[in-house]
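One structure is given below, encoded as structure tokens.
Counting starts at 1 for both ligands and their atoms, in listed order.
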Amino acid sequence: MAQRERTFIMIKPDGVQRGLIAKIIARFEEKGFKLVAMKFMQASQELLEKHYADLSSLPFFPFLVQYMQLGPVVPMVWEGDNVVKTGRDIIGATNPANAQPGTIRGDLCIQVGRNIIHGSDSVPSADKEIALWFKDEELVNYKSCMESWIYEN
Ligand code: DAT
Ligand code: MG
């Protein structure tokens, strides 16, 4: 069986401090996605500047990099069919004011500068972000016992 699609998801410092780690992880677990890697760490300025390099010319960039260093984060890799797009749908719109109820941002936060979670926006950016945050050997290879109950094929 070929490996299914992967995405990079990260609980931001506000999500950690507000005690939302378990609740956020549960949404991905309960959907049927498979956890491939996870850590709990303080992100450095250098790593965050690389992670958000595409936004470096925007006025809020310094505040974004500062916010992401306010406390520990929980970077993760999740696997499953269409997990990049579905992950974004589970997360909701960038600005929580526009995020639908039922989404993580729609239900659990209010401001764009405190939007509690990151998710890759395409398969190529997922690949880049996974490689930036994780070493190959940190991506765990195992078989989920639920696989045949979640996928017909
Ligand atoms: P997303 O996190 O939904 O992929 P993005 O990649 O456009 O959104 O931006 C990355 C983060 O930057 C976002 O989660 C919060 C912050 N951000 C985006 N637009 C902003 C804005 N107009 N003002 C302040 N922060 C913003
Ligand atoms: Mg983005």
Legend entry - Salt-bridge contact K31-D89 (side-chain N to carboxylate O under 4.0 Å): no

Inset, instruction - Rounded to the nearest 0.5 Å, what's the gap from CZ on F8 to NZ on K128? Could you check? - result: 13.5 Å

Legend entry - Distance-only side-chain donor-acceptor flag, D121 / S125, under 3.5 Å: yes

Legend entry - Region of R105 that comes within reach of ligand 1 [heavy atoms, distance under 4.0 Å]: side chain

Inset, instruction - Check whether any N or O atom of K12, backbone or side chain, sits under 3.5 Å from an N or O atom of ligand 1, and answer yes or no. - result: yes

Inset, instruction - Could you tell me if the ring centre of W78 sits under 6.0 Å from that of F33? - result: no

Inset, instruction - Specify the closest pair of heavy atoms between R27 and I90, including all atoms of both residues, with the distance to one decimal. - result: CB-CG2, 4.3 Å

Legend entry - Atom indices of ligand 1, in the order listed, that fall short of 4.0 Å to a heavy atom of Y52: 10 (C)

Legend entry - For atom 18 (C) of ligand 1, the protein heavy atom that lies nearest, with its residue and separation: F60 CZ, 3.4 Å

Legend entry - Row check, F134 ring normal vs K39 NZ/CZ: under 6.0 Å, within 45°: yes

Inset, instruction - Quick one: look at F63 and ligand 1, take heavy-atom pairs under 4.0 Å, and tell me if it's side chain, backbone, both or neither. - result: neither

Inset, instruction - Would you mind running through ligand 1 and noting each atom that sits below 4.0 Å from a heavy atom of R88? - result: 1 (P), 3 (O), 4 (O)

Legend entry - L58 and ligand 1 - part of the residue with a heavy-atom distance under 4.0 Å: neither

Legend entry - Closest to atom 6 (O) of ligand 1 among L55, N115, T94 (heavy-atom distance): L55

